[in-house]
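Working notes, structure below.
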Amino acid sequence: MNKYYEFVVEELDAKKRLDVYLTEKLKETSRSYIQKGIEEGWIKVNGKQSKPNYKVKKGDMVIAEIPEPKKYSIEPEPIPLDIIYEDKDIIIINKPRGMVVYPAPGNYSGTLVNALLYHTKDLSGINGILRPGIVHRLDKDTSGVMVVAKNDRAHRNLVVQFKEKKVKKTYLALVFGVIVEEKATIDAPIGRHPIKRTEMAVIEDGKKAVTHFKVLERFKDYTFLELNLETGRTHQIRVHMSFIGHPIVGDPIYSKKKNPFNIKGQALHSFRLGLWHPSTEKFMVFEAPLPEDLKQILEFLRKG
């Protein structure tokens, strides 16, 4: 059953972000769930759909009709995992392209979490029942190395490392077009697309996003890149490469070019992950080899 709330903004609360204002009013509802409600339209201001960053004004009528979050049980599934490294604190996974990291509407089976629950009972619980052990994520069609936390202490430690940019992430990507620069930096803010709400875009009031890249190989119509992230925005590399006119080969969302190769999803691979071990405090670097189909594409291009 939906819960109905109605608020009139007072002068004391004026100029607060809408999501912050409602988080303070609805203390039992998470800010992320409120943001989802604003974006999906079951939270409105003066009868109209708004945005989470809207600054409320005195006298605004805010109406929230919040559905009860659905409760799901996530089942362990015997899905093979490519484990690069594992100890009592962390698991380093080479995630295949096509695998969703954690359950969400439409994907409650066949995810990395389902596989992890079958593999081990030791996963951090900080992120709730839908995301046990998950500290960060890769897009469904991005392959490569990622870290999973096996206990809450390790999880908290890794979250801080990501926040303080102590984790080093290196990606490899095949993009359309020939990039003439040997290396460059893309510094362009990213936020949710103003019209296509499931997509991200470079927008003026977006969050700071910085991607560094260098050319590894050039082909007739393509460039093979190494990319390092300074920030970790959703779809960051995919959005940035599309923004500069060199979308990633196979990207179903941010590339309008026809995919000429037998590859499902974008040719983007999380190649290297460097982090400080939560217990030993030693810096460790893990690498995941390129998927076989991307290797074959590169070999084909090298033949000219």
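The residues of the chain are indexed from 1 along the displayed sequence. No hydrogens, no waters, no symmetry mates; every other heavy atom, side chains included, goes into these values.
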Any [X] side-chain heavy atom under 4.5 Å of [Y] side chain:
X	Y	value
Asp139	Arg238	yes
Gln266	Ser255	no
Asn46	Asp60	yes
Tyr254	Ile248	no
Val62	Lys25	no
Leu112	Val100	no
Leu116	Tyr102	no
Met200	Arg233	no

Check the hydrophobic clustering (I, L, V, M, F, W, Y; side-chain heavy atoms under 4.5 Å; chains of links allowed) and say if [X] and [Y] are grouped together.
X	Y	answer
Ile93	Leu138	yes
Met99	Leu130	yes
Leu26	Val20	no
Leu268	Phe219	no
Val45	Met61	no

Heavy-atom pair with the smallest gap, counting every atom of [X] and [Y]:
X	Y	result
His119	Ile91	CD2-CD1, 4.1 Å
Ile74	Asn114	CG2-ND2, 3.3 Å
Arg192	Glu39	NE-OE2, 3.6 Å
Ile84	Ala288	CD1-CB, 4.0 Å
Lys150	Ile90	CD-O, 3.8 Å
Arg218	Val180	NH2-O, 3.0 Å

Anything under 30° is parallel, anything over 60° is perpendicular, the rest tilted; go ahead and classify [X] against [Y].
X	Y	result
Phe271	His269	tilted
Tyr222	Phe176	tilted
Phe286	Tyr85	tilted

Will you find, in the side chains of Asp89 and Asn151, an N or O donor that is under 3.5 Å from an N or O acceptor? yes
Checking Ser109 against Glu75: is there a side-chain donor and acceptor pair closer than 3.5 Å? no
Heavy atoms from other residues, nucleotides or ligands near [atom1] of [X] exceed 12 (cutoff 6.0 Å):
X	atom1	result
Lys55	NZ	no
Gln49	CD	yes
Tyr118	OH	no

Between the side chain of [X] and the main-chain N/O of [Y], is any donor-acceptor distance below 3.5 Å?
X	Y	result
Asp141	Asp251	no
Gln161	Lys166	no
Ser143	Pro96	no
His136	Met146	no
Thr231	Val210	yes
Lys58	Lys15	no
Ser242	Pro247	no
Asp293	Gln296	no

Sub-6.0 Å ring centroid separation between Trp42 and Tyr33: yes
Residue among His212, Met241, Glu230, Gln236 satisfying side chain to side chain contact (heavy atoms under 4.5 Å, CB included) with Ile186: Met241
Please report the C-alpha distance between Lys208 and Asp187 in whole Å, then the side-chain angles of each, then the deciding distance to 0.1 Å, and finally whether the salt bridge (Lys or Arg N to Asp or Glu O under 4.0 Å) criterion is met. CA-CA 7 Å; Lys208 184 176 180 62; Asp187 186 347; 3.2 Å; yes
